[in-house]
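Quick notes on the structure that follows.
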There are 2 protein chains.
Amino acid sequence: MKLSFAEENYIKTIYQLTDAGKKGVSTNDISASMKLKPASVSDMLRKLGDKGVIDYRKYYGVHITEEGKKYALSTIRKQRLWEVFLVEKLRFSWDEVVDVADELEHIQSTVLIRRLDEYLGFPKFDPHGDPIPDEYGDVRVRPRVSLNEIDLNATGQIVAVKDSSAAFLRYLDKVGAYIGARIKVIEKVEFDGSIEILIDNKKTIFMSKDVAGNILIMV
Amino acid sequence: MKLSFAEENYIKTIYQLTDAGKKGVSTNDISASMKLKPASVSDMLRKLGDKGVIDYRKYYGVHITEEGKKYALSTIRKQRLWEVFLVEKLRFSWDEVVDVADELEHIQSTVLIRRLDEYLGFPKFDPHGDPIPDEYGDVRVRPRVSLNEIDLNATGQIVAVKDSSAAFLRYLDKVGAYIGARIKVIEKVEFDGSIEILIDNKKTIFMSKDVAGNILIMV
DNA sequence: ATTAGGTTTTAGCTATGGCTAAATATTTAT
DNA sequence: ATAAATATTTAGCCATAGCTAAAACCTAAT
């Protein structure tokens with residue numbers, strides 16, 4: 001079965017909005033993320049449900065099926081390989097690539113993607129640090145380290161927290177840290193283990209050894 | 001103004017079917033070339049006429065406008081640059097590239113094409129020997145020589161004839177030569193100037209000095 | 001338990017770009 | 001010059017994928 005451009009975009013978005021939690025992805029979330037009206041989304045969800053790539057129960061959000069995951073991962077693989085190409089070969093900066101990669105990811109040709117992968121030296125991560133699924137949809141999970149353990153001037157991305165208490169998350173939120181944020185360690189204070197980090201190249205924050213120990217970084 | 005995928009394909013086809021002669025390109029020719037029904041073509045011609053990229057007089061075929069040429073050349077430029085990329089960087093053979101390039105040529109991004117051009121070293125011809133228009137639509141015309149003048153084992157493409165009488169063209173047609181055919185000189189007979197050529201790697205034909213002198217080759 | 005507010009779906013419209021079948025125009029052959 | 005053949009266009013249909021407005025549904029507060 002072949003998905004249209006629009007269908008590929010939907011399934012990719014649904015996959016990416018899917019949380020570990022068991023609640024389905026809501027129509028409104030998809031609508032907001034894709035900048036389409038909820039009515040249009042409803043319509044498409046019905047179609048995607050008929051095609052078997054999502055489980056769709058009216059009013060209760062959608063869950064992606066195994067079949068659907070295959071399509072999502074295939075599209076994500078293409079998108080990220082093209083992003084590598086644009087940045088490494090055509091000197092695009094990493095914020096310029098999104099629009100173009102979003103078009104390129106819909107080109108249909110297994111051979112093309114296989115050759116592109118080979119040409120790029122089988123990269124495992126895209127310029128944003130996100131993993132590139134292999135041909136079979138397998139994703140290499142990048143090892144995570146605590147923010148305490150990484151070196152001065154090292155960069156990474158916040159991928160998880162050890163302590164997920166409301167208090168801790170509220171604190172992170174207040175200082176501007178969040179899952180997905182890009183960070184760089186710009187100061188390590190030896191005597192108390194506290195550090196200073198730069199978030200998204202915009203804002204610097206201090207944090208204690210305790211806090212840093214609870215933040216997991218993907219290098 | 002932005003043309004849709006379908007519109008881009010039509011205008012490209014019309015440009016390529018346009019002959020030096022003053023008769024317009026017919027609905028049937030376009031229909032045959034694009035493998036669409038004549039009725040669909042008629043409909044699109046009306047739309048393209050409204051957009052000003054072609055001159056459309058019902059029942060009398062279409063002529064491309066200067067505006068239209070710009071779009072056609074831009075699409076052809078993209079197509080041929082992608083073909084060079086596929087063949088030179090991704091090791092596609094020159095007959096595999098058409099389908100993929102036909103999809104890639106519709107990606108919208110001036111920057112992308114400029115960078116790709118640069119990355120490929122500003123190529124002037126695609127893998128089929130066809131010229132790549134520059135950013136302003138200018139095409140480098142490749143020098144043409146008479147088939148008499150090229151060396152044994154040299155290859156080239158038939159691009160024109162000096163004698164365009166019906167008799168001569170009918171003769172060429174009969175032996176299987178045509179504008180666009182790839183040829184290779186496989187025998188040169190010194191004493192009468194006749195030659196033997198291989199057409200499209202498929203068929204060999206003999207021709208007299210006279211005939212060869214009236215065929216123009218692009219090396 | 002009912003209602004208000006937010007979310008989601010349905011119904012009906014639009015545009016694009018195909019199609020078939022029928023009508024019409026042009027060209028060719030008698 | 002007219003009839004037959006060919007080419008082209010029109011009319012009306014289908015699918016995709018968006019939209020607005022109205023209806024239906026869910027949830028949370030009274």
Side-chain angles (χ1 to χ4, degrees), chain A residues 1-14 17-19 21-64 68 71 75 102-103 105-106 108, chain B residues 1-14 17-19 21-64 68 71-72 75 102-103 105-106 108 166:
Chain A
M1 186 189 42
K2 197 176 291 169
L3 300 186
S4 69
F5 281 26
E7 288 167 339
E8 277 185 3
N9 281 333
Y10 272 95
I11 202 76
K12 191 184 86 175
T13 302
I14 292 166
L17 291 178
T18 296
D19 228 351
K22 49 177 69 72
K23 264 184 306 183
V25 180
S26 78
T27 299
N28 253 14
D29 287 352
I30 298 168
S31 142
S33 171
M34 298 185 71
K35 291 168 186 179
L36 299 174
K37 300 296 158 183
S40 311
V41 175
S42 268
D43 221 52
M44 183 57 99
L45 294 184
R46 189 181 41 71
K47 287 182 208 163
L48 292 175
D50 291 347
K51 293 204 170 189
V53 292
I54 57 172
D55 281 327
Y56 177 44
R57 267 186 61 214
K58 282 185 203 174
Y59 296 103
Y60 290 92
V62 299
H63 293 267
I64 197 162
Y71 287 100
T75 303
D102 276 351
E103 291 191 60
E105 78 195 13
H106 300 296
Q108 308 281 165
Chain B
M1 186 188 44
K2 197 176 290 170
L3 300 186
S4 68
F5 281 27
E7 288 167 339
E8 278 185 3
N9 281 332
Y10 272 96
I11 203 75
K12 192 184 83 174
T13 301
I14 292 166
L17 291 177
T18 296
D19 228 353
K22 48 178 70 72
K23 264 184 305 185
V25 179
S26 78
T27 299
N28 255 12
D29 287 352
I30 298 167
S31 142
S33 170
M34 298 185 72
K35 290 167 186 183
L36 299 173
K37 300 295 160 182
S40 311
V41 175
S42 268
D43 222 52
M44 182 57 98
L45 294 184
R46 190 182 39 71
K47 287 181 207 164
L48 291 175
D50 292 347
K51 293 204 170 189
V53 292
I54 57 173
D55 281 327
Y56 177 45
R57 267 186 62 214
K58 280 186 204 173
Y59 296 102
Y60 290 93
V62 300
H63 293 266
I64 197 162
Y71 286 100
T75 304
D102 275 351
E103 290 190 60
E105 77 194 14
H106 300 296
Q108 309 280 163

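Each chain gets a letter, A, B and so on, in the order the sequences are listed, and its residues count up from 1. Side-chain atoms are counted along with the backbone in the values below, which use heavy atoms only and exclude waters and symmetry mates.
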Checklist entry - Using a cut-off of 4.0 Å between protein heavy atoms and nucleotide atoms, how would you tag nucleotides 4-17 of chain C 5' to 3' with B, S and -? => result ---SBBB------B
Next on the checklist: Which residues pass the salt bridge (Lys or Arg N to Asp or Glu O under 4.0 Å) test with A/E8, not counting sequence neighbours?
Outcome noted: none
Next on the checklist: Whether the side chain of B/S40 engages the backbone of B/L36 through a donor-acceptor N/O pair (distance < 3.5 Å, no angle test) should be reported.
Outcome noted: no
Item to check | Those residues that, when tested against A/T75, pass side-chain hydrogen bond (donor to acceptor under 3.5 Å, both in side chains) (two or more places apart) | outcome: none
Item to check | Which residues share a side-chain hydrogen bond (donor to acceptor under 3.5 Å, both in side chains) with A/S26, sequence neighbours left out | outcome: A/D29
Checklist outcome for this item: When rounded to the nearest 0.5 Å, the distance separating CD of A/Q108 from CD of A/E105 is 11.0 Å
Item to check | Contacts of type side chain to side chain contact (heavy atoms under 4.5 Å, CB included), residue B/F5, not counting sequence neighbours | outcome: A/F5, B/H106
Kindly list each side-chain donor-acceptor pair under 3.5 angstrom involving residues 43-58 of chain A, sequence neighbours excluded, with atom names and distances?
unit_1: A/K51; atom_1: NZ; unit_2: A/E7; atom_2: OE1; d: 3.3
unit_1: A/K51; atom_1: NZ; unit_2: A/E7; atom_2: OE2; d: 3.2

Checklist entry - Reading DNA chain D 5' to 3', which nucleotide is the first, and which the last, to come under 4.0 Å of any heavy atom in chain B? => result D/dA7 to D/dT10
